[in-house]
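For reference, the structure discussed in these notes is given below.
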Amino acid sequence: MLNYDFGSYHPMHPSRLDATWRLVQEYGLDRRDSVTVEVPEVAEDDHLRLAHTADYVTAVREVSQDPTLSRPDSGLGTEDTPGYAGIHEASARLAGGSFQGAQAILDGTVVRAVNFGGGMHHAFADKASGFCVYNDCAVAIQHLLNNGVKRVLYLDVDGHHGDGTQSIFFDNPNVMTISIHESGTTLFPGTGFANEIGTGEAMGTSVNIAMPPTAEDAQWLRAYHAVVPALVEQFRPEVIVSQHGCDSHLSDPLTHLRVSIDGQREIMLNVAEMADRFCEGRWIATGGGGYDCYDVVPRSWSHLVAVVSGKPLPVTTPIPPTWRDYVKENYGGKPQEYMGDRVDLWWRSWEVGFDPDDDTDRVVMATRREVFPQWGLDPWYD
């Protein structure tokens with residue numbers, strides 16, 4: 001998985017996966033009785049074509065074999081998503097991990113799966129974008145739909161809008177995509193506004209919460225709980241596929257959001273509850289963005305593995321000195337000492353009332369007014 005590597009200058013450096021996997025191992029999360037670890041295989045072209053056009057897969061293969069080729073139509077070759085030798089195999093392996101998770105759920109051999117190397121939510125059906133080549137989440141979702149699953153919830157809590165996944169399922173009423181993210185007025189990709197609600201029979205299945213750029217835990221969690229539970233109650237998914245990009249964190253260099261590890265973990269716990277309530281536990285969790293590669297990404301995604309596998313780690317858990325020494329020796333910096341950020345996690349429930357002078361409340365109400373009526377819900381009282 002470390003071969004998904006755009007170069008030393010690039011913020012999505014594969015060392016973040018190395019640091020995460022080592023922390024997962026330090027806590028023994030990979031050795032829990034309920035957990036099996038599988039090497040993700042390179043997805044076959046037929047699997048990639050579940051979410052991507054045949055021409056696009058061919059274009060990625062061509063660039064993979066000869067990175068000097070210019071394929072601007074494919075989205076490769078930009079500063080964000082440069083082409084390199086082997087990019088097809090590396091990208092298809094990330095997609096293969098999420099596909100394998102979906103297949104294992106369909107087989108009944110697992111209830112939940114984690115692919116923290118996945119979450120490539122900016123990849124469109126016919127082009128790469130924003131560090132993402134193949135959209136592993138969309139591949140997994142379509143595979144589930146093709147094999148008897150009737151409704152899939154895609155939940156995206158990355159700091160950036162999940163534009164690629166939304167676009168692939170924008171007209172599909174069997175997939176609800178919910179994305180909470182920093183507003184597109186201040187952050188790439190410049191989309192994800194409340195009025196993007198789907199089309200045709202799928203109107204109301206695309207949901208966007210475009211947050212003020214400096215939202216903290218209290219605002220982030222208030223907005224999440226004011227929108228997500230009510231809609232999931234109506235949609236009643238059979239499987240959840242979630243994207244847990246951790247670039248919403250207050251120390252991430254690419255967004256302006258100020259969410260803590262504790263706040264990110266809180267949402268993971270909520271997704272676990274929804275999976276148990278609506279889906280008999282069925283849940284595929286992926287990674288995504290996250291560019292504080294050694295302080296934030298390993299902690300956030302180790303929490304994700306712990307939550308998905310059924311026994312969350314407390315935020316007060318000390319980080320093993322052996323892991324901290326490894327990171328200092330190999331990547332520098334001064335790694336955190338605990339698995340949380342020592343914050344006082346609190347937010348106001350939406351039932352407290354709508355404040356028209358509050359930036360977050362206006363964002364929430366914009367989303368509720370666009371989407372809630374599509375589900376027979378009152379945006380003011382439900």
Side-chain angles (χ1 to χ4, degrees), residues 11-12 80 118-124 129-132 135 137-138 153-170 175-198 205-228 231-232 240-261 263-268 270-271 285-292 296-297 300 304 347 359-368 370-371:
M12 186 180 270
D80 279 354
M120 302 293 103
H121 63 163
H122 293 308
F124 288 78
S129 178
F131 314 162
C132 303
N135 194 316
C137 294
L153 170 66
Y154 171 75
L155 178 63
D156 189 319
V157 296
D158 193 287
H160 299 81
H161 176 225
D163 57 338
T165 314
Q166 173 182 286
S167 73
I168 291 170
F169 298 108
F170 202 62
V175 181
M176 174 175 279
T177 64
I178 302 179
S179 179
I180 180 170
H181 49 266
E182 181 179 332
S183 172
T185 60
T186 56
L187 191 69
F188 175 90
T191 55
F193 297 100
N195 62 351
E196 300 170 30
I197 65 169
T205 58
S206 289
V207 183
N208 289 287
I209 312 169
M211 293 295 290
T214 57
E216 300 178 346
D217 286 330
Q219 291 78 43
W220 192 257
L221 292 168
R222 175 169 168 80
Y224 175 90
H225 286 288
V227 173
V228 176
L231 291 175
V232 175
I240 295 174
V241 176
S242 58
Q243 198 269 20
H244 295 267
C246 52
D247 47 7
S248 61
H249 193 268
L250 54 95
S251 69
D252 193 274
L254 296 193
T255 77
H256 308 95
L257 297 164
R258 301 192 60 78
V259 179
S260 69
I261 292 286
Q264 294 173 350
R265 175 181 175 275
E266 183 68 26
I267 287 181
M268 299 170 192
N270 182 261
V271 180
T286 68
Y291 309 101
D292 187 334
V296 174
V297 174
S300 187
L304 183 62
W347 66 93
D359 289 345
T360 297
D361 280 20
R362 290 197 298 272
V363 163
V364 170
M365 185 53 75
T367 300
R368 288 170 65 102
E370 290 283 354
V371 179

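Summarising the geometry of Gly288 relative to Met12, their closest heavy-atom pair is O-CE, 4.1 Å, with the distance given to 0.1 Å. What you find for Ala223 and Met211 is that their closest heavy atoms are CB-SD, 3.5 Å. A pairwise comparison of heavy atoms in Pro213 and Glu182 identifies CB-OE2, 3.6 Å as the closest pair. Across all non-hydrogen atoms, the minimal contact from Thr286 to Gly118 is CB-C, 3.9 Å. Between Leu257 and Ser248, the shortest heavy-atom distance links the atoms CB-O, 3.3 Å. The shortest heavy-atom contact between Ser206 and Phe170 is OG-CD1, 3.3 Å.
Here Phe131 and Phe188 keep their ring centres 6.0 angstrom or further from each other.
Residue pairs satisfying the salt bridge (Lys or Arg N to Asp or Glu O under 4.0 Å) criterion with at least one member in residues 161-170, sequence neighbours excluded, are absent.
Side-chain contact between Tyr224 and Ile209 is absent, with no heavy-atom pair separated by less than 4.5 Å. A 4.5 Å side-chain heavy-atom check between His181 and Leu187 finds every atom pair outside the cut-off. Residues Val296 and Ser251 have side chains in contact (heavy-atom distance under 4.5 Å, counting atoms from C-beta outward).
Side-chain contact annotation: Thr177 with Gln166, donor-acceptor N/O pair under 3.5 Å absent. For the residue pair His249 and Asp292, no side-chain donor N or O sits within less than 3.5 Å of a side-chain acceptor on the partner. In the model, Thr165 has a side-chain atom that pairs as donor or acceptor with a side-chain atom of Asn135 under 3.5 Å. Between Gln264 and His244, the side chains place no donor N or O within less than 3.5 Å of an acceptor N or O (distance only, hydrogens not considered). For the residue pair His161/Thr191, the side-chain donor-acceptor check at 3.5 Å is satisfied.
Looking at Glu196, its side chain does come within 3.5 Å of a backbone N or O of Gly192 through a donor-acceptor pair. In terms of modelled atom types and a separation under 3.5 Å, the side chain of Asp252 and the main chain of Tyr291 share a donor-acceptor contact. Side-chain atoms of Glu266 do not come within 3.5 Å of backbone N or O of Met268 as any donor-acceptor pair. Using modelled atom types, one side-chain atom of Arg368 and one backbone atom of Ala226 make a donor-acceptor pair closer than 3.5 Å. Ser242 places no side-chain N or O within 3.5 Å of a backbone atom of Leu155 that could act as its donor or acceptor partner. Asp158 contributes a side-chain N or O that, together with a main-chain N or O of His160, makes up a donor-acceptor pair within less than 3.5 Å. The closest donor-acceptor contact from the side chain of Ser260 to the backbone of Gly263 lies under 3.5 Å. A donor-acceptor distance shorter than 3.5 angstrom exists from the side chain of Asp247 to the backbone of Gly159, with no hydrogens or angles considered.
In summary, of the residues considered (Val232, Thr367, Ile197, Val228), a side-chain contact (heavy atoms from CB on, under 4.5 Å) with Val207 occurs for Thr367 alone.
With sequence neighbours excluded, the residues that form a side-chain contact (heavy atoms from CB on, under 4.5 Å) with Val297 are Arg16, Thr20, Cys246, Trp301. For Leu250, the side-chain contact (heavy atoms from CB on, under 4.5 Å) partners two or more places apart in sequence, or in a different chain, are Arg258.
Between atom OG of residue Ser129 and atom NE2 of residue His122 there is a gap of 6.5 Å, rounded to the nearest 0.5 Å. Between the CG atom of Asn208 and the CG atom of Asn195 there is a distance of 8.5 Å, given to the nearest 0.5 Å. With values rounded to the nearest 0.5 angstrom, Gln219 atom CD is found 9.5 Å from Arg222 atom CZ.
Note on ring orientation: taking the six-membered ring where Trp is involved, the planes of His225 and Trp347 are parallel (angle under 30°, cut-offs 30° and 60°).
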